[in-house]
J.: 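Quick one: the structure is below, questions incoming.
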Amino acid sequence: MTAEEFEQQFSDFYIDFGYKADGNLPDSINVKQFFESENLVTQLDNLDTVIREHTQQESYYVVLTWRTLTVGTYACTESEYQNQIVPQEVILAVQNYQPPKFN
């Protein structure tokens, strides 16, 4: 199920895909130079590329939200992340979710 299909089928639930890297870059890379350019957007894209090339450990995840409350964060594969495919674990979490009762 794609992210778009998920949000159509499960109203009030939203998902965001995320990526996390260990952030350890070699000393030879001067991060400051990426922020000194007039075209900051391009330079941030370049920095993202450098980080991805040098990362030692990376992980992908999906954040599940009900209305404005975070339900949980779930691991996903790189393929699911790139193709915006919702992991089965997230679908099960939605099906079993019990919204809080406000008095």
Side-chain angles (χ1 to χ4, degrees):
M1 175 181 295
T2 66
E4 186 176 321
E5 293 167 337
F6 174 89
E7 290 182 352
Q8 288 174 352
Q9 183 172 344
F10 299 106
S11 62
D12 292 334
F13 285 95
Y14 306 94
I15 53 173
D16 293 300
F17 286 82
Y19 168 88
K20 182 173 62 174
D22 63 10
N24 297 326
L25 295 174
D27 293 336
S28 61
I29 296 176
N30 178 7
V31 176
K32 184 178 176 184
Q33 73 184 7
F34 292 99
F35 296 97
E36 294 176 341
S37 171
E38 289 183 21
N39 190 344
L40 187 58
V41 173
T42 299
Q43 286 299 87
L44 289 176
D45 286 342
N46 292 340
L47 177 59
D48 180 60
T49 301
V50 168
I51 290 171
R52 288 177 187 256
E53 289 172 355
H54 290 88
T55 189
Q56 299 297 313
Q57 183 179 3
E58 58 191 17
S59 61
Y60 301 89
Y61 58 89
V62 177
V63 177
L64 174 63
T65 305
W66 176 77
R67 296 187 181 173
T68 60
L69 300 173
T70 300
V71 175
T73 302
Y74 304 88
C76 68
T77 65
E78 182 179 2
S79 176
E80 289 169 330
Y81 170 83
Q82 290 175 345
N83 297 304
Q84 302 286 285
I85 302 297
V86 180
Q88 187 64 33
E89 183 181 16
V90 175
I91 296 168
L92 291 173
V94 168
Q95 292 169 340
N96 294 319
Y97 184 67
Q98 298 292 319
K101 293 184 169 73
F102 301 103
N103 295 331

J.: Should L69 and V71 be marked as a side-chain contact (heavy atoms from CB on, under 4.5 Å) after you check the CA-CA gap, both sets of side-chain angles, and the distance that decides it?
T.: CA-CA 6 Å; L69 300 173; V71 175; 5.8 Å; no
J.: Out of curiosity, Q88 CD to Y74 OH, how far, rounded to the nearest 0.5 Å?
T.: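 Here the interatomic distance stands at 12.5 Å.
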J.: Linking I/L/V/M/F/W/Y whenever their side-chain heavy atoms sit closer than 4.5 Å, directly or via other members, would I85 and Y81 fall into one cluster?
T.: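 As far as the 4.5 Å side-chain criterion goes, Y81 and I85 are not connected within one cluster.
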J.: Say whether F6 and Y97 are linked into one hydrophobic cluster, either directly or through other cluster members, by side-chain heavy-atom distances under 4.5 angstrom.
T.: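 In one cluster with F6: Y97, yes.
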J.: Atom CZ in F10, atom CD in E5: separation rounded to 0.5 Å?
T.: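 These two atoms lie 11.0 Å from each other.
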J.: Of all heavy-atom pairs between E80 and F17, which one has the smallest distance, and what is that distance?
T.: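 Looking at all heavy atoms of both residues, the closest pair is O-CE2, 3.7 Å.
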J.: Hey, could you give me the OG/CZ distance between S11 and R67, rounded to the nearest 0.5 Å?
T.: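 Spacing of OG (S11) from CZ (R67) equals 8.5 Å.
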J.: Answer yes or no: are there more than 12 heavy-atom neighbours, outside Q95 itself, under 6.0 Å from its atom CD?
T.: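 Count over threshold, so yes.
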J.: Ignoring hydrogens, what is the shortest heavy-atom contact between A75 and P87? Give both atom names and the distance.
T.: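 Smallest interatomic distance, heavy atoms only, reads O-CG, 4.0 Å.
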J.: To the nearest 0.5 angstrom, please state how far the OG1 atom of T77 sits from the OH atom of Y60.
T.: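 Interatomic distance, T77 OG1 to Y60 OH, rounded to 0.5 Å: 9.0 Å.
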J.: CD of Q43 to CD of Q33: how many Å apart, nearest 0.5 Å?
T.: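 Here the rounded value is 7.5 Å.
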J.: Considering only Ile, Leu, Val, Met, Phe, Trp and Tyr, and joining two whenever side-chain heavy atoms are under 4.5 Å apart, list the other residues clustered with V63.
T.: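 Direct or chained contacts put V63 with Y61.
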J.: Identify whether I15 and Y19 are in the same connected component of the hydrophobic contact network (ILVMFWY, side-chain heavy atoms under 4.5 Å).
T.: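 Yes, same cluster.
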J.: Which of these passes side chain to side chain contact (heavy atoms under 4.5 Å, CB included) with V86: L64, V62, I91, T2?
T.: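 For V86, the side chain to side chain contact (heavy atoms under 4.5 Å, CB included) check succeeds only for I91.
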J.: Q82 and E78: side-chain donor and acceptor closer than 3.5 Å?
T.: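 Judged by distance alone, the side chains do pair up.
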J.: Find the distance between OG1 (T68) and OH (Y14) and round it off to the nearest 0.5 Å.
T.: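 Atom-to-atom, T68:OG1 and Y14:OH are 9.5 Å apart.
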J.: Answer yes if L47 and L40 sit in the same cluster of Ile, Leu, Val, Met, Phe, Trp and Tyr residues linked by side chain heavy atoms under 4.5 Å apart, and no otherwise.
T.: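 L47 and L40: one cluster.
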